[in-house]
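Each remark here refers to the structure printed beneath this line.
Side-chain atoms are counted along with the backbone in the values below, which use heavy atoms only and exclude waters and symmetry mates.
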Protein chains: 4
Amino acid sequence: MEDARSIAQPGDLAQLVGLSHKNFIIRLTPGDQLQTHRGVLQHDDLIGIPWGSQVSSHLGNPFFVLQPALADLIKETKRTTQIIYPKDIGFILITMGIGPGSQVLEAGTGSGAMTTALAFAVGNQGHVTTYELRPEMQQLAQKNLSKIGLTDRVTFVLRDIRDGFNERNKDALFMDIPQPEDYIPQVRVSLKPGGFFGCIVPTVNQISRLLNALQRENFAFIDVCEIMLRYFKPVAERLRPTDRMVAHTGYLIFARPIIPSVIDFVPDKTNGDND
Amino acid sequence: MEDARSIAQPGDLAQLVGLSHKNFIIRLTPGDQLQTHRGVLQHDDLIGIPWGSQVSSHLGNPFFVLQPALADLIKETKRTTQIIYPKDIGFILITMGIGPGSQVLEAGTGSGAMTTALAFAVGNQGHVTTYELRPEMQQLAQKNLSKIGLTDRVTFVLRDIRDGFNERNKDALFMDIPQPEDYIPQVRVSLKPGGFFGCIVPTVNQISRLLNALQRENFAFIDVCEIMLRYFKPVAERLRPTDRMVAHTGYLIFARPIIPSVIDFVPDKTNGDND
Amino acid sequence: MEDARSIAQPGDLAQLVGLSHKNFIIRLTPGDQLQTHRGVLQHDDLIGIPWGSQVSSHLGNPFFVLQPALADLIKETKRTTQIIYPKDIGFILITMGIGPGSQVLEAGTGSGAMTTALAFAVGNQGHVTTYELRPEMQQLAQKNLSKIGLTDRVTFVLRDIRDGFNERNKDALFMDIPQPEDYIPQVRVSLKPGGFFGCIVPTVNQISRLLNALQRENFAFIDVCEIMLRYFKPVAERLRPTDRMVAHTGYLIFARPIIPSVIDFVPDKTNGDND
Amino acid sequence: MEDARSIAQPGDLAQLVGLSHKNFIIRLTPGDQLQTHRGVLQHDDLIGIPWGSQVSSHLGNPFFVLQPALADLIKETKRTTQIIYPKDIGFILITMGIGPGSQVLEAGTGSGAMTTALAFAVGNQGHVTTYELRPEMQQLAQKNLSKIGLTDRVTFVLRDIRDGFNERNKDALFMDIPQPEDYIPQVRVSLKPGGFFGCIVPTVNQISRLLNALQRENFAFIDVCEIMLRYFKPVAERLRPTDRMVAHTGYLIFARPIIPSVIDFVPDKTNGDND
């Protein structure tokens, strides 16, 4: 009944979850060890056990051994800036048509959380090219992606996108930078016609400026939305939402570059009140 | 500057968007035609034009020619039952670690909207096996998946899951059926230890029953949440949310089967107020 | 056990609720009759019966006889414009300290829904003065207030508030007009120092402009918020939110005029994440 | 231009707001002093100055002198239990028709926050009777109400409501106790027919039990809802919601006791998706 998929293998990513949900994500490597404030774990003691098992550190503290989901990889991204949340990333991927084989551009590598999500989703048949202005951020992102083994799907470019992207005819472009409205002509040139543009901004003022820039550059099917995620305390007999929640991460803006045509036809997807 | 990716090719999926956002998703096939109440479009007139172009029906009505995103494929699923919404699907995929290469089980094929999402995300290196009790629903789902060319990644099984799943050691199992709490032992057997279980239910009473069933079967890391999506009217100078929104689609429950151990260690991920 | 409070009396406001929640609010008047498309009801048949009773029209259709709450009076306001919702009004009253005895100004009478709420809350020891520019709106509001017997607490003024308010040292001023940012000096003059200013605006652009105007005029303790109200289907065994909800009515802005002082002290109540 | 309303008078309630929004609510009394960790303030130095002024403690720390709104009184209630939030209270008052002159019952005095709101809203022509089981809670509430001068509108009763309420034909009854479903017959007897019943409960399980109890006792027009309040950072050029918010305080349930009648007529106000 057990096959290789159910057993921790050398080279697998593993998530160690200890008391108080302290998390560690490691790549299982014979001979290596994980040092935590609750004691040391030998990779060799983890390799070969079934996923979902419990192990103990040399100090006797328990840890669960799990395979991390993309959401876990993102949450554990080492960061020096605000990262995008899984609630937003899932919707971005599905709305921008990003999946196995996609050719994606990213503007604003940051700590690499979104880069991780993009690289995961496009699979080994797709590719992600990500631009960043600050060398130290690029290095942090490279380190984060390297740790989880996704760098072969990613090209890191250190450049001010004011100078444009090298790429053309990309399927999708996602942007997480302070003034996205300043770079829409550059986006337009690199995205294939009808491609998918997505952006996240924290303030409403940025939405307004971006909407104007998108209209100037012949983008249509514009959607603006926000996602709220509310957790419940998982207690069957006293079921209720948690007391507090994240109220705001950012607004999502989606649009598609169209080929201007004679007939005036405004297809702004005022998606209105349906999703 | 233009390459094949930017031009509509025979065999590509295309989304035709007309006035009032009337949508049609077709597979471009030389010689075929699309009949709409706003006139007829010849596939041959669409093949070879750049994505994002505007075309006209024989009655002169304009249509945009776009590549559909996964969210579009889901929204356009022909249905006889309520389907899962993109806002939920994106978060489900990312939380359950579903991506290129995943081996996934689905209980409750329904109209095939979630099956479509799963098949899209696992790519041609992964696989989805989906169970359904009602022959007419299975046929509808097969037709929907066939239309968008994803059937080769999917095994459709017609069976009451009370009799269990054939599969073992699956990475993830998603359930959308009326009484999920009745089938958790069957889930437990088919999911690999530490695998990902996910479920959507419309009522709070179902959450409570499911939580009890999951605890009986040694599932841990239980999360219960709901996602709210709010659109804005995309007008730069008068920016505001739409008047109305979807208030509720379903509650999402996630959990992972663990291997019971000696040390009593309750890792319920009362993810509390963070995501 | 029954006293006058439990019996419908001449002069009382009554709400007749028929099938499909068709509502009628009347003032019980001997000799009068209510004509509905489901038949006629004689006021004399309603006077003297206990509240909560069921009666029938001359066509045999059933109606419940209830006393309306303020929320019901507001919902049933005859309107030609968007009115403020009970979810917002309740919070406005409590945040602006409006209660029995308050002296309140209103700018933008509109259909009189908010005027009704203010007049109800201040009681017969308080007073409301409400300004409106359009004669036909003022007349509609007067008719609405008259119907429910609250006009003796209200002074209706027909004037462009650009010319200022007659009143001084008012406890609270509520504004529901298109460009509130243009009238903050006038507000400042009429509100007593430390008084309560409140405003509702539909768009985020208006919030920004209003914030600037408030800061120019020495308002502090500024709060900006929005209220979302979600109903559930009240079915014990299948409890769940309704499918759809109102996503947006307006943003609420509250502020208080302070007396400028030497010490630079910015008390903006960035109430942040508590309420 | 200045009259008595704009000047702090002996006997007035005053709110002192210092740096970091540290708040103090006092009743201005000649000869008294307020001691804070930022220094002492003499009431005599506050009496006679205009509201909205800034004063300094003997240590030179600045404070604003304001009149508190009901929302402020509630937030500053000294508590040993969770209190009801202003966002909920405002909607409760307006939905239950509570205003000047109302005769109201409360079950579960607790720290007296809701008692304060009820006493404020009914004015000096109405009355509130509030039941509590725990002597120490009643004393705390009495102290809180006494401090703000509202005790003459309130009768405090120390009794288990299992033994029923003394009152009959009350306009409205609000309940905030752990198992409201156990006391609906007692509620029924004390509320006038067609009166207003309201309740707040933290869990969904309690809603279900309460719905069953209400239906057994011939309550109709049942509404279940929840209110979410989101604040924004009030910065004109970078306008955005706060990062975090209160996700849940409680669910509100409203219902009205009706007189059973021959015709089967289910008026459950599945208020559905409007408010």
Side-chain angles (χ1 to χ4, degrees), chain A residues 1 3 5-6 17 50-54 62 64 66 69-71 85-87 89-91 94-97 99-100 120-121 123 168-169 192-194 207-208 211-212 222 224-234 236 239 242 244-246 257-259 261 263 265 267 270-273 275, chain B residues 1 3 5-6 17 50-54 62 64 66-67 69-71 85-87 89-91 94-95 97 99-100 120-121 123 168-169 192-194 207-208 211-212 222 224-234 236 239 242 244-246 257-259 261 263 265 267 270-273 275:
Chain A
M1 195 180 109
D3 68 9
R5 296 184 79 84
S6 68
V17 185
W51 294 112
S53 299
Q54 199 183 102
F64 273 99
L66 296 166
L70 174 52
Y85 281 59
K87 71 179 176 72
I89 291 177
F91 190 71
I94 206 172
T95 302
M96 293 180 66
F120 176 86
R168 294 293 179 272
N169 286 312
K192 73 182 182 191
I207 303 175
S208 288
L211 288 175
N212 286 328
I222 298 174
V224 177
C225 64
E226 62 176 336
I227 292 177
M228 300 179 80
L229 171 62
R230 186 158 72 151
Y231 280 99
F232 280 65
K233 299 185 183 176
L239 190 62
T242 54
R244 298 183 66 72
M245 64 185 278
V246 171
I258 53 164
I259 296 177
S261 53
I263 302 173
F265 169 30
T270 24
N271 211 319
D273 43 23
D275 50 348
Chain B
M1 194 180 106
D3 67 10
R5 296 185 77 85
S6 68
V17 185
W51 296 112
S53 299
Q54 200 184 102
F64 272 99
L66 296 166
Q67 285 186 294
L70 175 51
Y85 280 60
K87 73 180 174 71
I89 292 177
F91 190 70
I94 205 172
T95 302
F120 176 86
R168 294 295 180 270
N169 286 312
K192 75 181 180 190
I207 303 174
S208 288
L211 288 175
N212 286 328
I222 298 174
V224 178
C225 65
E226 61 176 336
I227 293 177
M228 299 178 82
L229 171 62
R230 187 157 71 152
Y231 280 98
F232 281 64
K233 298 185 185 176
L239 190 61
T242 55
R244 300 182 64 71
M245 64 184 278
V246 172
I258 54 165
I259 295 177
S261 54
I263 302 173
F265 170 30
T270 25
N271 212 319
D273 42 21
D275 51 346

Choice from P100(A), A121(A), G99(A) maximising heavy atom contacts with chain B below 4.5 Å | P100(A)
Those residues that, when tested against Q67(B), pass side-chain hydrogen bond (donor to acceptor under 3.5 Å, both in side chains) (two or more places apart) = K192(A)
Taking every heavy atom of P193(B) against every heavy atom of W51(A), the minimum-distance pair comes out as CB-O, 2.9 Å
Hey, could you give me the CD1/CZ distance between I259(A) and F64(B), rounded to the nearest 0.5 Å?
-> 9.0 Å
I89(B) portion near chain A, given a 4.5 angstrom heavy-atom threshold | both
To the nearest 0.5 angstrom, please state how far the NZ atom of K87(B) sits from the CG atom of L229(A).
-> 10.0 Å
Residue selection (most heavy-atom pairs with chain A, distance under 4.5 Å) from A236(B), P257(B), A71(B), G123(B) = A236(B)
Scored by heavy-atom pairs under 4.5 Å with chain A, the best of A69(B), S53(B), G97(B) is A69(B)
Looking only at L239(A), V224(A), L70(A), the option with the highest number of non-hydrogen pairs under 4.5 Å against chain B is V224(A)
